[in-house]
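Have a look at the structure below before the remarks.
Index from 1, following the sequence. Atoms within each ligand, like the ligands themselves, are counted from 1 in listed order. Just so we're clear, the structure is a prediction, and the values are computed from it rather than from any experiment.
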Amino acid sequence: MCIFASFVFNFMPKAKVNEELCIGCGTCESLCPKVFKMEDGKSHVIAEDCADCNCEEVVGSCPVSAITLE
Ligand code: F3S
């Protein structure tokens, strides 16, 4: 892996959903279906990182601020 790829890989944010706050609106799954999946009325993170979508947009779109990036 080249230095640049290594840098990007190491700093790619990972999304986290606070299931206590999630009201199951589904916005995150519709914006980033490769990262979020609805199950039992709650959102679950199914990807290792946010490489395939703009998770920052999703964080701002969640109506109850249940999503954070680490
Ligand atoms: Fe839940 Fe927010 Fe997604 S309410 S379903 S985490 S957009």
Side-chain angles (χ1 to χ4, degrees):
M1 187 183 297
C2 75
I3 290 174
F4 179 71
S6 161
F7 179 82
V8 170
F9 182 76
N10 287 329
F11 289 94
M12 193 65 70
K14 178 171 170 44
K16 190 174 176 192
V17 174
N18 182 331
E19 290 185 23
E20 307 242 324
L21 295 177
C22 175
I23 56 172
C25 78
T27 302
C28 51
E29 185 186 50
S30 62
L31 289 173
C32 285
K34 289 183 177 176
V35 175
F36 302 94
K37 183 174 171 53
M38 298 301 297
E39 231 174 70
D40 301 326
K42 301 279 182 178
S43 173
H44 299 273
V45 175
I46 56 169
E48 280 301 307
D49 56 47
C50 293
D52 288 323
C53 75
N54 183 353
C55 281
E56 288 179 16
E57 179 191 2
V58 180
V59 168
S61 300
C62 176
V64 292
S65 302
I67 303 170
T68 51
L69 298 181
E70 298 181 336

Spatial distance of atom CG (Asp52) from atom NZ (Lys34) [nearest 0.5 Å]: 4.5 Å

Considering only distance and modelled atom types, tabulate donor-acceptor pairs under 3.5 Å from the side chains of residues 53-70, sequence neighbours left out.
from	atom 1	to	atom 2	distance (Å)
Asn54	OD1	Glu56	N	3.2
Asn54	OD1	Glu57	N	3.2
Ser61	OG	Glu57	O	2.8

Would the number of heavy atoms belonging to other residues, nucleotides or ligands and lying under 6.0 Å from NZ of Lys42 be above 12? yes

Mind listing the side-chain donor-acceptor pairs of residues 23-31 below 3.5 Å, one per line with the distance, residues two or more places apart or on another chain?
from	atom 1	to	atom 2	distance (Å)
Glu29	OE2	Met38	N	3.1
Ser30	OG	Gly26	O	3.4
Ser30	OG	Thr27	O	2.9

Which of the ligand 1 atoms, numbered from 1, are nearer than 4.0 Å to a heavy atom of Gly26: 5 (S)

Using a 4.0 Å cutoff against the non-hydrogen atoms of Met38, which atoms of ligand 1 qualify? 5 (S)

Around atom 2 (Fe) of ligand 1, how many protein N, O or S atoms are found at less than 2.8 Å? 1

By side chain to side chain donor-acceptor pair (under 3.5 Å), Glu19 pairs with (sequence neighbours left out) His44

Does at least one non-hydrogen atom of Glu29 fall below 4.0 angstrom from an atom of ligand 1? no

Heavy-atom closest pair, residues Ile46 and Phe36: CG1-N, 4.2 Å

